[in-house]
Every structure is written in C-alpha cells, then in structure tokens.
Amino acid sequence: MLYQNVCIESFACTLPEEILTTAELERRLAPVYERLKLPEGRLELLSGIRERRLWPSGMLPGEQSIRTCRKLLESTGFERSRIGALLHGSVCRDYLEPATAAGVHHGLDLPPECVIYDISNACLGIVTGMVQIANMIELGEIEAGLVVGTESSRSLTEVTIRILNSDHSIDRRSIKKAFASLTIGSGSAAVLLTHRSISRSGHRLLGGVLHSNTDFCELCRSDVDASGGDSMNPLMWTDSESLMVEGIKTAKAAFARFLSTLGWTAESIDGFFTHQVGRMHQQLLFEALGISFERNFSTLEYLGNTGSTALPSTAAIGIEQGFAQPGDRIALMGIGSGINVIMLGVQMSEDSFSRV
C-alpha cells in the first residue's frame with residue numbers, strides 16, 4: 001500500500017475537563033478490593049495510568065466530534081467546500097442509525113456531495129478511516145477528507161465498577177478480565193487528509209500495511225451492540241494477557257512487512273505514535289520490534305486508553321509539543337482487538353509547519 005499524492009494536513013484533538021484518577025477509581029472499587037484483599041495501587045502499577053478523563057454526562061459523541069472538526073478546520077484555514085468525505089470512526093456513536101457522520105456533516109455544514117458514513121473497527125476505526133480517505137484521494141475521487149471520532153468511557157467505567165462491587169461470584173482470577181475496562185479514557189480526535197497538490201503542510205502519507213490475525217477475535221469482546229450515549233449499558237471482558245501476547249506477535253509480523261513496503265529500516269524511523277494500551281504492552285512491543293522505547297511518544301499516563309482516538313490524539317499532542325520535527329520519518333502503529341494491525345509511514349515536511 002503506497003501513496004504518491006496523499007498528505008496529512010493536520011491532526012487535532014480535544015480532551016474532557018473532568019479527570020478521574022486511578023486512585024479515585026480504586027476508592028470506588030473498595031468493596032471488591034476489600035473482599036478479594038487486593039492491594040491499593042495495583043491498577044496504576046500494572047497499567048501505568050495515573051488518570052483518565054470523562055465527558056459530561058449526557059453528551060453524545062457526535063456533538064464533540066463536531067467541535068473537534070471545527071478546531072481542526074479553524075486552525076488550518078481549510079475550506080469546508082473542498083471536503084469530499086467525512087468518516088466517523090469511533091467505537092462510540094450517537095445512535096444505531098442514522099450514521100453519526102450524518103449529524104457531524106450537518107453540524108459542520110459540509111457540501112451535499114460529501115461522502116459520509118461510519119466505520120467500526122474497534123480501536124482502529126479512525127486509522128482505518130485514514131486509509132479509506134487516502135485511497136479515495138489517490139484514486140482521484142476526492143481532493144480532501146476528514147475522519148473523526150469521539151470515545152466516551154463514562155458508562156463503561158460506571159457499569160464495570162457496579163458489577164465488580166456487586167457480583168460476589170467474581171474472584172481474583174476472573175476479575176482480571178475486567179482490567180482493560182478500567183484503563184479506558186475519553187477523548188476526541190480528527191485528521192484532515194488532502195491531495196498533495198493542495199496541501200499546505202506537505203506531510204506525506206507514504207503508505208503502510210494492514211495485517212489481521214482473526215484466530216484471536218474473541219480475546220476482547222463487548223456484551224451487546226448499543227449506542228454511545230448515557231443509555232448505553234456496556235460490559236467488556238478482555239483476556240488482557242493473551243491479547244497482549246498475540247497482539248505483539250501480530251505487530252511483529254506486520255512491522256517486517258511495513259519496513260519492506262516503505263523501504264525503511266527500524267533505525268531510520270525518527271519517532272512513533274502508537275495506540276496507547278498499557279505501559280507493559282508498550283515496553284514489550286518496542287522490545288519485540290527491536291526499537292528504543294525513547295522514540296515512542298506516550299500519552300497513556302494521563303489519558304488512559306482512549307480507543308480509536310488514542311493514536312491520532314497522541315500524534316496531535318506530540319506534534320504540538322515538538323516531538324515530530326521537520327523532515328522526520330514517523331510511524332503510526334495501531335493494534336486493535338480482532339486482532340487487527342495498521343501501520344502507516346509519514347514523511348514530515350522539511351519546511352516549518354503549523355502545529356495543532
């Protein structure tokens with residue numbers, strides 16, 4: 001998968017103001033902690049997450065997706081009339097139908113000929129949308145496209161706490177399947193991609209690879225399909241250890257293809273923006289790939305795992321903080337349940353560039 005004409009114009013993210021610390025989360029889990037004699041501080045020690053954020057109760061994902069897109073468009077000055085596709089890629093959405101993208105399209109007042117639809121691919125929804133928009137640009141179907149998503153963790157967190165505290169059949173072994181649900185945070189992110197001929201940033205999306213290993217599609221699974229609002233009553237059980245092991249194996253196979261496809265070496269990559277899952281996962285991933293962990297930009301400690309918004313939010317924050325410099329080679333690496341892996345290579349412009 002190689003592109004000659006695609007640029008990433010900009011990443012943008014918005015974050016909730018409400019912060020839920022891991023210490024407070026554990027205090028709310030006091031009944032199950034006391035019953036199972038679990039030590040305080042266990043969750044932060046194992047995950048590396050000291051806090052995560054929550055959107056206001058009652059907020060629909062599409063409402064925040066509109067705000068995030070507005071932020072991106074205002075910062076870039078890009079004309080809305082030139083956007084040929086809008087994809088909404090988060091796990092959370094407003095309703096089962098219509099597509100959340102429809103409401104976002106309306107809120108942004110985009111052209112009627114703009115293609116709109118939702119994408120569902122677990123934590124890789126937004127990155128999958130980037131690939132689809134890049135394909136449309138490369139084929140000459142559109143000259144620019146937006147992909148956006150907003151993840152809300154409030155309901156999942158509250159339901160998980162309630163079940164763990166009330167279900168006395170849960171023991172020290174079975175509680176491990178709820179671990180991943182307690183690492184989830186909220187966030188919103190958007191990406192604008194354009195044809196090279198109209199790009200102001202000049203950041204080239206060179207290409208990448210997609211790699212699936214569906215033998216392990218049941219290692220992380222939600223309870224039922226539901227909307228993303230407060231009426232959602234989600235439950236997610238995850239075999240975190242097996243998912244980490246098999247995910248890293250799949251990523252290792254994908255990384256070899258990624259380097260071959262782009263003609264890169266691991267040493268030639270200046271920085272990495274990854275899907276943020278957990279501290280141990282990050283460290284073992286880079287160890288398996290033979291890469292110095294210092295080249296990874298992390299937001300996990302204060303955002304938690306924000307699902308599909310994790311990778312693009314991390315890229316937005318990393319660029320803002322100067323982690324990616326002009327001329328750098330940057331790898332975007334996402335690993336999601338399924339198991340799915342997407343890796344994309346970006347050549348940052350040699351010129352100075354604006355930061356969102």
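Quick caveat: nothing in here was measured; it's all calculated off a predicted structure.
Residues R80 and L73 have side chains in contact (heavy-atom distance under 4.5 Å, counting atoms from C-beta outward). Taking 4.5 Å as the limit, every side-chain heavy atom of V6 sits out of range of all side-chain heavy atoms of R196. Between I319 and M348, some side-chain heavy-atom pair lies under the 4.5 Å cut-off. Proximity of L193 to L146: side-chain heavy atoms (C-beta onward) are nowhere separated by under 4.5 Å.
In this structure a side-chain-to-backbone donor-acceptor pair under 3.5 Å is missing from D270 to I330. Panel note: side chain T160, backbone L182; no donor-acceptor pair is recorded below 3.5 Å. No side-chain donor-acceptor contact under 3.5 Å links Q4 to the backbone of E138. Panel note: side chain S174, backbone D171; a donor-acceptor pair is recorded below 3.5 Å. Remark: side-chain polar atoms of E51 are not paired, donor with acceptor, to backbone N or O of E301 under 3.5 angstrom. The backbone N or O of I269 lies less than 3.5 Å from no partner atom in the side chain of D328, so there is not a single donor-acceptor pair. Panel note: side chain N121, backbone T128; no donor-acceptor pair is recorded below 3.5 Å. N340 places no side-chain N or O within donor-acceptor distance of the main-chain N or O of S212, the cut-off being under 3.5 Å. Formation of a donor-acceptor pair under 3.5 Å by the R35 side chain with backbone atoms of I170 is found in this model. Listed for the S186 side chain is a donor-acceptor partner under 3.5 Å among the backbone atoms of S153.
Ring-plane geometry between F293 and F286 is classed as perpendicular, the angle between the planes exceeding 60 degrees on a 0 to 90 degree scale with a lower cut at 30.
Closest approach of L303 and R52 over heavy atoms only: O-CB, 3.6 Å.
Remark: the E40 side chain and the Y33 side chain contain no N/O donor-acceptor pair separated by less than 3.5 Å. For the residue pair S65 and T150, a side-chain donor N or O sits within less than 3.5 Å of a side-chain acceptor on the partner. Side-chain N/O atoms of S47 and E44 include no donor and acceptor closer than 3.5 Å. Between T309 and S188, the side chains place no donor N or O within less than 3.5 Å of an acceptor N or O (distance only, hydrogens not considered). Inspection of the T68 and T14 side chains reveals an N or O donor paired with an N or O acceptor under 3.5 Å. Using modelled atom types and a 3.5 Å distance limit, the side chains of S308 and E151 yield a donor-acceptor pair. At a cut-off of 3.5 Å, with distance as the only test, no side-chain donor of R93 or H88 sits close to an acceptor on the other residue. Looking only at atom types and distance, the side chain of E9 has a donor-acceptor partner in the side chain of S199 under 3.5 Å away. With 3.5 Å as the limit, one finds a donor-acceptor pair spanning the side chains of Q276 and Q282. Q64 and R67 share a side-chain donor-acceptor pair at under 3.5 Å.
Note on E143 versus R82: salt bridge recorded, some NZ/NE/NH1/NH2 to OD/OE distance being below 4.0 Å. Looking at R154 and E158, a side-chain N of the basic residue comes within less than 4.0 Å of a carboxylate O on the acidic one, giving a salt bridge.
Ring to ring, F273 and F11 are not that close: their centroids are 6.0 angstrom or more apart.
Within a 6.0 Å sphere centred on CZ of R172, other residues, nucleotides and ligands contribute more than 12 heavy atoms. For CG of D109, the number of neighbouring non-hydrogen atoms (other residues, nucleotides, ligands) closer than 6.0 Å is 12 at most.
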